[in-house]
Amino acid sequence: MTAIYLDNNATRKIYKEVIEAMKETYSVPLNASSIHSFGRNAKRLLEQSRSKISQFLHADNYNVIFTSSGTESNNQVIRGFSDYKKLISSIEHPSLYRAADDIYKIPVDNNGIVNLLALKKLLVGGPKKTLVSVMHANNETGIIQPVVEIAKICKENGILFHTDAVQTFGKVNFKIDDLSPDFMTISAHKIGGPQGAAALLVRKNFAPFPFLKGGGQEFGFRAGSENIPAIVGFAKAVEITQDKMNQLSQIGILRDYMENKLKQICPEIVIIGEDALRIVNTSCIIMPNVANDVQLVHFDLKNIAVSSGAACSSGKVEASYVLQAMNVPQDKVKNAIRVSLSLDNNYKEIDNFIEAWQELYLRNKDSNAAA
Ligand code: PLP
């Protein structure tokens, strides 16, 4: 059976057109800091790419700083404000919560939504020099956060606000000014671009706070020769994504079809955040009585790629801190898997996944009943 890829929040298959665009750049030397014609060519490609990404987000009021990854962008913000009090939600990506030791967590409610009252309380009487970071949507559950309100609260209190939009960029239709953060993280490989290119959008009134120090590249915000092939690929992926934004609802229909079928098979199933606002491609599913590592192996044997949503770099499945922060009971946390779709997926693939899910569910249901 051909492989079925349902792990698009981890990374999305790179578009062929992106590879083609990148290939062309590899045939010439490209250092955007050089003053000769080759350098000017590199600079032109760099600035065209920057404009494309800026236009997509309507980011006239922001500088688009190219970085190597969403991880780097997140680290840059947290480390760039080392003398600030840092408040982040309890469901942020490790590239935020591991970026510094002195980080305070904002709780989320049982629906996975940041508790705005708790945030306000944490800000009252706190230092003016505070940085808040709340992701636009969570990578494990797809639940979208009230970033507009959070940005407003921060503005009212004169507090800096960063949002990690890695999982919503290209999956949710928004202009950056709709959310109005001071800083925003995006990453190319989640939308069909290459790994090795990402960006930090910084409101234009900020002086550079470089994480990597050296040359004056990226308006002084990020030293190091720009990765022009990857950046060109990033911009191409944005161009393709822009053309497909009006097809996003199709992914949602496919995801809802899958969830409804699974609910018919198993009424006790839990879909995390089912009633919350979610990105259309993501489903966090709890199969009763079957641990997620057992599920992952079962699907892998069927050549279906899904994820636990919380695999650490060693590949070991760990209990999800995101679900724990949402007070999901332990016996459910360990049974959760993440299915994340893209426009590449189709009904046949989803039917195969449902069939494999049902097989495992029924096998364990019977054995539990017999026990
Ligand atoms: N933030 C979120 C929400 C993510 O899902 C990821 C990647 O999974 C990252 C940041 C890190 O991005 P990158 O893989 O580009 O380092």
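Here the structure is a predicted model, which means the values were calculated and not measured.
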**Whether H298 side chain and A356 backbone form a donor-acceptor pair below 3.5 Å** = yes
**Prompt:** For residues N74 and S95, is any side-chain donor paired with an opposing acceptor at under 3.5 Å?
**Reply:** yes
**Request:** Please step through side chain to side chain donor-acceptor pair (under 3.5 Å) for the pair T282 and S340, ending with a clear verdict.
**Result:** CA-CA 5 Å; T282 306; S340 50; 5.7 Å; no
**Request:** Enter the distance from C266:SG to Q358:CD here, rounded to the nearest 0.5 Å.
**Result:** 10.0 Å
**Asked** Do you reckon I228 sits in the same ILVMFWY cluster as M22, going by side-chain contacts under 4.5 Å, direct or chained?
**Response** no
**Message:** When you group the ILVMFWY residues by side-chain heavy-atom contacts below 4.5 Å and let the links chain together, are L212 and F219 in the same group?
**Reply:** no
**Request:** Check the surroundings of atom CD1 in I35: do more than 12 heavy atoms from other residues, nucleotides or ligands lie under 6.0 Å from it?
**Result:** no
**Message:** Looking at R50 and E218, is any side-chain nitrogen of the basic one under 4.0 Å from a carboxylate oxygen of the acidic one?
**Reply:** yes
**Gap separating the CD1 atom of I285 from the CZ atom of R338, nearest 0.5 angstrom** = 11.5 Å
**Pair E355 + K302, salt bridge at N-O below 4.0 Å** = no
**Message:** Angle between ring planes, F206 versus F183, binned at 30° and 60°: parallel, tilted or perpendicular?
**Reply:** tilted
**Asked** Looking at CD1 of I337 and OG of S320, how far apart are the two atoms once the value is rounded to the nearest 0.5 Å?
**Response** 13.0 Å
**Request:** Check the pair I14 / I19 against side-chain contact (heavy atoms from CB on, under 4.5 Å), numbers first and verdict last.
**Result:** CA-CA 7 Å; I14 195 164; I19 298 172; 3.5 Å; yes
**Message:** Between Y321 and E140, do the side chains contain a donor N or O and an acceptor N or O under 3.5 Å apart?
**Reply:** no
**Asked** Taking NZ, NE, NH1 and NH2 as the nitrogens, is one of them in E259 or R278 under 4.0 Å from a carboxylate oxygen of the other?
**Response** yes
**Request:** Apply side-chain contact (heavy atoms from CB on, under 4.5 Å) to the pair V132 and H162, showing each step before the final yes or no.
**Result:** CA-CA 6 Å; V132 168; H162 165 253; over 6 Å; no
**Prompt:** NZ of K261: more than 12 outside heavy atoms within 6.0 angstrom?
**Reply:** no
**Asked** Is the side chain of D300 donor-acceptor paired with the backbone N or O of L296 at a distance under 3.5 Å, no angle test?
**Response** no
**Item:** Ring centers of F56, F169 separated by less than 6.0 Å
**Value:** yes
**Prompt:** Is the backbone of D344 close enough, under 3.5 Å, to the side chain of S342 for a donor and an acceptor to pair up by distance?
**Reply:** yes
**Request:** Would you check if the side chain of H36 reaches a backbone N or O of G39 as a donor-acceptor pair within less than 3.5 Å?
**Result:** yes
**Request:** Can you see which heavy atom on S90 is nearest to which on V108, and at what distance?
**Result:** OG-N, 3.7 Å
**Asked** Is the number of heavy atoms from other residues, nucleotides or ligands within 6.0 Å of CG (D83) greater than 12?
**Response** yes
**Complete:** Tightest non-hydrogen contact, residues K43 and A32, listed as CD-O, 3.7 Å
**Prompt:** Would K120 and E149 satisfy salt bridge (Lys or Arg N to Asp or Glu O under 4.0 Å), going step by step from the backbone distance to the final call?
**Reply:** CA-CA 11 Å; K120 282 183 190 161; E149 286 89 332; over 6 Å; no
**Prompt:** Would a hydrophobic clustering, with Ile, Leu, Val, Met, Phe, Trp and Tyr connected at side-chain separations under 4.5 Å, put L277 with I150?
**Reply:** yes
**Complete:** Correct closest heavy-atom pair for S89 and K105 would be O-CD, 4.1 Å
**Request:** Could you walk me through whether F161 and M184 pass side-chain contact (heavy atoms from CB on, under 4.5 Å), step by step?
**Result:** CA-CA 9 Å; F161 177 54; M184 175 181 280; over 6 Å; no
**Prompt:** Above 12 or not: heavy atoms from other molecules or residues under 6.0 Å from CD of Q48?
**Reply:** yes
**Request:** Apply side chain to side chain donor-acceptor pair (under 3.5 Å) to K86 and S133, showing your working.
**Result:** CA-CA 8 Å; K86 292 168 275 288; S133 184; over 6 Å; no
Output a table of donor-acceptor pairs, distance under 3.5 Å, between side-chain atoms of residues 240-251 and any protein atom two or more places apart or on a different chain; print 'none' if there are none.
from : atom 1 : to   : atom 2 : distance (Å)
T241 : OG1    : A237 : O      : 2.6

**Request:** List the steps, then state whether side chain to side chain donor-acceptor pair (under 3.5 Å) holds for N281 with N9.
**Result:** CA-CA 9 Å; N281 77 321; N9 283 8; 2.8 Å; yes
**Prompt:** Honestly, is K13 close enough over Y5, meaning NZ or CZ under 6.0 Å from the six-membered ring centre and within 45° of the axis?
**Reply:** no
**Asked** Considering residues, nucleotides and ligands other than Y104, do more than 12 of their heavy atoms fall under 6.0 Å from its OH?
**Response** no
**Asked** Between the side chain of Q217 and the main-chain N/O of G224, is any donor-acceptor distance below 3.5 Å?
**Response** yes
**Asked** Would a distance-only check, ignoring hydrogens and angles, find a side-chain to backbone donor-acceptor pair under 3.5 Å from K128 to N157?
**Response** yes
**Message:** Any heavy-atom pair between the side chains of L122 and V124 that's under 4.5 Å?
**Reply:** no
**Minimal non-hydrogen separation, N335 against Q295, with atom names** = O-NE2, 2.9 Å
**Asked** Are the side chain of Y15 and the backbone N or O of K236 linked by a donor-acceptor pair below 3.5 Å?
**Response** no
**Prompt:** Donor-acceptor pair, R255 side chain versus I279 backbone, under 3.5 Å?
**Reply:** yes
**Message:** Side chains of S51 and Q55 only: does a donor on one sit below 3.5 Å from an acceptor on the other?
**Reply:** no
**Asked** For the atom pair CG (L201) and OG (S73), what is the distance rounded to the nearest 0.5 Å?
**Response** 8.5 Å
**Item:** Rounded distance [0.5 Å steps], CD in Q330 versus CG in L323
**Value:** 9.5 Å
**Fill in**
Applied to residues 177-202, the salt bridge (Lys or Arg N to Asp or Glu O under 4.0 Å) test, sequence neighbours excluded, yields D182-R203
**Message:** Could you go through Y257 and D351, starting from their C-alpha distance and side-chain angles, then the distance that decides it, and tell me whether this counts as side chain to side chain donor-acceptor pair (under 3.5 Å)?
**Reply:** CA-CA 10 Å; Y257 165 84; D351 283 337; 2.6 Å; yes
**Prompt:** Between R98 and E92, is there a salt bridge with N-O shorter than 4.0 Å?
**Reply:** no
**Request:** Kindly give the heavy-atom pair with the smallest separation between Q76 and F209, and that separation in Å.
**Result:** NE2-O, 3.3 Å
**Prompt:** Do the side chains of F174 and H58 get nearer than 4.5 Å, heavy atoms only?
**Reply:** no
**Message:** Evaluate Y62 against V202 for side-chain contact (heavy atoms from CB on, under 4.5 Å), listing each step before the verdict.
**Reply:** CA-CA 5 Å; Y62 293 79; V202 178; 5.8 Å; no
**Complete:** What one should report as the nearest heavy-atom pair of L30 and T25 is CD1-O, 3.3 Å
**Item:** Check ion pair K23-E20 (N to O, under 4.0 angstrom)
**Value:** yes
**Item:** Main-chain N/O of I113 paired with N111 side-chain donor or acceptor, under 3.5 Å
**Value:** no
**Request:** Go through the side-chain N and O atoms of H189 and T11 and say whether any donor and acceptor fall under 3.5 Å apart.
**Result:** yes
**Prompt:** Where the side chain of N345 meets the backbone of L341, is there a donor-acceptor pair that is under 3.5 Å apart?
**Reply:** no
**Fill in**
dist N8:CG -> K171:NZ (nearest 0.5 Å) comes out at 7.5 Å
**Prompt:** Is there a path of hydrophobic side-chain contacts, each under 4.5 Å between heavy atoms of I, L, V, M, F, W or Y residues, that connects V147 with I143?
**Reply:** yes
